[in-house]
Colleague: 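Mind looking over this structure? Questions follow.
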Amino acid sequence: VTVADDVPCRLIKLNQSNQSMLNEMASQDVMLDSYQLEIAPTQEIERDYRVTIDSETYTVTRIESSLTDLAFKQVLITRKR
């Protein structure tokens with residue numbers, strides 16, 4: 001789903017302790033890089049959407065609804081290594 005190609009966002013790489021826990025939870029043999037994505041609270045996004053930032057493609061794994069406020073929406077995304 002292409003929503004827009006000019007959506008402002010902030011991409012934050014999760015630290016290694018969070019990364020190990022997420023990899024174990026995913027029970028996958030592939031290494032995943034996990035990020036927190038912050039976007040406008042009105043931006044449409046759902047779990048399993050694909051997000052492309054600077055030609056890198058990520059998969060939305062979780063919407064952090066409890067952390068979303070009037071300033072931004074927090075989303076967890078992953079990228080296979």
Colleague: How long is the straight-line distance from CD of E44 back to CD1 of I39, given to the nearest 0.5 Å?
Modeller: 10.0 Å
Colleague: Is any side-chain heavy atom of V51 closer than 4.5 Å to a side-chain heavy atom of I45?
Modeller: yes
Colleague: Taking atom CG of L70 and atom OG1 of T42, what is their separation to the nearest 0.5 Å?
Modeller: 11.0 Å
Colleague: Without swapping roles, check the side chain of R47 against the backbone of T61 for a donor-acceptor pair under 3.5 Å.
Modeller: yes
Colleague: Measuring only between side-chain heavy atoms, which start at C-beta, is Y58 closer than 4.5 Å to L11?
Modeller: yes
Colleague: Taking only residues two or more places apart in sequence or in another chain, which ones pass side-chain hydrogen bond (donor to acceptor under 3.5 Å, both in side chains) with R79?
Modeller: D33, Y35, E56
Colleague: Taking all non-hydrogen atoms of both residues, which atom of A71 and which atom of P41 are closest, and how far apart?
Modeller: O-CD, 3.6 Å
Colleague: Taking only residues two or more places apart in sequence or in another chain, which ones pass side chain to side chain contact (heavy atoms under 4.5 Å, CB included) with I12?
Modeller: R10, Q36, E38
Colleague: Could you go through the side-chain contact (heavy atoms from CB on, under 4.5 Å) check for E64 and V75 one step at a time?
Modeller: CA-CA 6 Å; E64 293 286 2; V75 178; over 6 Å; no
Colleague: Backbone N or O of V60 within a donor-acceptor pair of the R62 side chain at under 3.5 Å?
Modeller: no
